[in-house]
Amino acid sequence: MLKIPSLVLFDIDGTLLDLHGAGRRAFALALEEAFGWADEIEYIQFAGATDLDVLDQVFRRHHHELTPAGAEHFFAIMPHKLRETSADAEVTIYPGAIELVAQLSDDPDITIGLVTGNIESCARIKLEKAGLHGHFQLGAFGHEHGDRREIAQLALSRAEAGLAAGQSFARKFLIGDTPSDITAAHHIGATSIAVSTGHYTRPQLLDAGAHHVLDTLEFAHTIIL
């Protein structure tokens with residue numbers, strides 16, 4: 001029987017897990033260490049954002065221009081601060097997340113990856129904290145571009161580079177919890193599966209153009225498989 005390659009891309013925060021503010025606290029601590037700014041960043045909406053875009057917003061708030069060197073300096077500090085703030089943090093793993101990721105990673109015809117606003121090192125820390133690490137074959141991350149659509153495009157390009165000559169993904173899915181994830185899915189021609197486990201409601205996700213909206217990931221496999 002001919003097997004058809006499929007690609008499933010996941011957001012992390014609000015979709016797979018919640019570290020209950022550990023990431024925001026780490027960001028604020030890293031800002032103070034890197035630039036001397038005591039800023040609790042209450043004005044930042046992290047849901048659907050990318051770390052690069054958030055950092056740019058903070059720089060503009062402080063009337064500075066973000067440079068590549070400044071971003072590199074900050075992102076070198078961030079994972080150390082996240083390890084500190086997440087050490088004793090409560091972690092919520094959303095229903096069905098572990099089972100779905102494990103089921104998909106066991107299927108040789110499915111490539112699974114990440115499309116996340118986190119920088120790569122922080123994404124790994126969060127996945128390790130939740131016991132979800134080791135399953136994802138590739139990803140694109142929040143230090144690589146400020147626009148989640150472009151991050152999704154990077155992930156797709158990396159996934160396609162791993163296919164045999166002449167192959168393509170017959171089916172593509174992007175799973176997330178925000179309108180930004182839905183927009184990113186449309187950008188790469190993927191089916192958008194949205195979960196209402198984050199900050200957005202089912203009606204908001206439907207209005208944003210999601211193809212499917214689920215309460216949890218427990219039944220996502222019925223759409224993908």
Side-chain angles (χ1 to χ4, degrees), residues 1-17 48 50-51 93-145 147-178 180-195 197-198 205 209-214 216-225:
M1 181 177 178
L2 180 64
K3 299 294 186 179
I4 302 174
S6 296
L7 175 65
V8 185
L9 299 168
F10 285 86
D11 171 54
I12 295 178
D13 298 292
T15 299
L16 295 172
L17 58 88
T50 67
D51 281 352
I93 306 167
Y94 292 119
I98 289 176
E99 295 81 2
L100 178 63
V101 169
Q103 184 178 16
L104 296 180
S105 66
D106 283 342
D107 191 322
D109 300 305
I110 295 177
T111 297
I112 66 170
L114 298 167
V115 171
T116 174
N118 292 280
I119 65 172
E120 184 170 5
S121 52
C122 289
R124 301 301 177 193
I125 291 168
K126 291 181 179 183
L127 293 173
E128 287 171 9
K129 180 80 175 177
L132 286 163
H133 60 295
H135 292 288
F136 298 95
Q137 297 156 265
L138 55 95
F141 304 92
H143 62 284
E144 297 185 286
H145 204 285
D147 189 326
R148 191 175 288 260
R149 292 172 298 181
E150 297 305 319
I151 295 173
Q153 189 64 57
L154 277 173
L156 174 59
S157 297
R158 288 166 182 165
E160 289 176 334
L163 291 173
Q167 273 194 322
S168 61
F169 290 110
R171 306 170 76 222
K172 302 187 293 283
F173 302 89
L174 197 157
I175 304 175
D177 68 300
T178 72
S180 294
D181 298 302
I182 296 165
T183 300
H186 289 303
H187 183 69
I188 62 169
T191 297
S192 169
I193 301 176
V195 282
T197 43
L205 296 168
H211 296 106
H212 305 275
V213 179
L214 305 175
T216 72
L217 292 174
E218 290 173 289
F219 299 105
H221 65 281
T222 62
I223 299 169
I224 298 167
L225 299 175

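Keep in mind that what you see is a predicted model, and the values were worked out from it rather than measured.
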Exercise. Ala155 and Ala140: which non-hydrogen atoms are nearest, and at how many Å?
Worked result: N-CB, 3.6 Å
Problem set entry | Test item: Thr216 and Val195 side chains (from C-beta on) under 4.5 Å apart, heavy atoms | no
For this session: State which residues pass ring-ring contact (aromatic ring centres under 6.0 Å, His included) with Phe173; sequence neighbours excluded, sorted by chain then number.
Result: none
Exercise. Between Ser6 and Ile110, is there a donor-acceptor pair closer than 3.5 Å when you use the side chain of the first and the backbone of the second?
Worked result: no
Seminar exercise, completed: By ring-ring contact (aromatic ring centres under 6.0 Å, His included), Tyr94 pairs with (sequence neighbours left out) none
Problem set entry | salt_bridge(Glu120, Arg124) N-O dist < 4.0 Å | yes
Exercise. Got a second to check how far Arg148's CZ is from Leu154's CG, nearest 0.5 Å?
Worked result: 13.0 Å
Exercise. Which heavy atom in Ala170 sits nearest to a heavy atom in Ile4, and how many Å separate them?
Worked result: CB-CG2, 2.8 Å
For this session: Taking all heavy atoms of Ser105 and all of Ile112, pick out the closest pair and write down the distance.
Result: CB-CD1, 3.8 Å
For this session: Locate the shortest heavy-atom distance separating Ala152 from Leu174; write the atom from each residue and the value.
Result: CB-CD1, 4.1 Å
Seminar exercise, completed: Between the CD atom in Glu144 and the OG1 atom in Thr116, the distance rounded to the nearest 0.5 Å is 11.0 Å
Exercise. Of the options Val115, Asp181, Leu16, Ile175, which is the one that meets Asp11 in a side-chain contact (heavy atoms from CB on, under 4.5 Å)?
Worked result: Asp181
For this session: Kindly compute the distance separating CG (Leu114) from NE2 (His135), expressed to the nearest 0.5 Å.
Result: 11.5 Å
Problem set entry | Separation between CD1 of Ile224 and NE2 of His212, rounded to the nearest 0.5 Å | 9.0 Å
Problem set entry | Derivation of the side chain to side chain contact (heavy atoms under 4.5 Å, CB included) call for Arg158 and Gln137 | CA-CA 10 Å; Arg158 288 166 182 165; Gln137 297 156 265; over 6 Å; no
Problem set entry | OG1 on Thr197 to CD1 on Ile93, rounded to 0.5 Å | 13.0 Å
Exercise. Which pair of non-hydrogen atoms, one from Leu205 and one from Ala194, has the smallest distance, and what is that distance?
Worked result: CD1-CB, 3.9 Å
For this session: Report yes if some heavy atom in the side chain of Leu225 is under 4.5 Å from a heavy atom in the side chain of Gln103; otherwise report no.
Result: yes
Problem set entry | Among Ile193, Leu127, Leu104, the one residue meeting side-chain contact (heavy atoms from CB on, under 4.5 Å) with Phe10 | Leu104
Seminar exercise, completed: Closest non-hydrogen atoms of Ala220 and Leu100, given as atom of the first, atom of the second and distance, are CB-CD2, 3.7 Å
For this session: Please list, chain by chain and in numerical order, all residues satisfying side chain to side chain contact (heavy atoms under 4.5 Å, CB included) with His187, sequence neighbours excluded.
Result: Arg149, Glu150, Gln153
Problem set entry | Inter-residue atom distance Lys172.NZ - Thr111.OG1, 0.5 Å rounding | 12.5 Å
Problem set entry | Test item: Asp51 side-chain N/O and Ile119 main-chain N/O as donor-acceptor pair under 3.5 Å | yes
Exercise. Heavy-atom distance under 4.5 Å between the side chains of His145 and Thr50, does that happen here?
Worked result: no
Exercise. Should Val101 and Phe136 count as side-chain neighbours, where that means a heavy-atom distance under 4.5 Å?
Worked result: yes
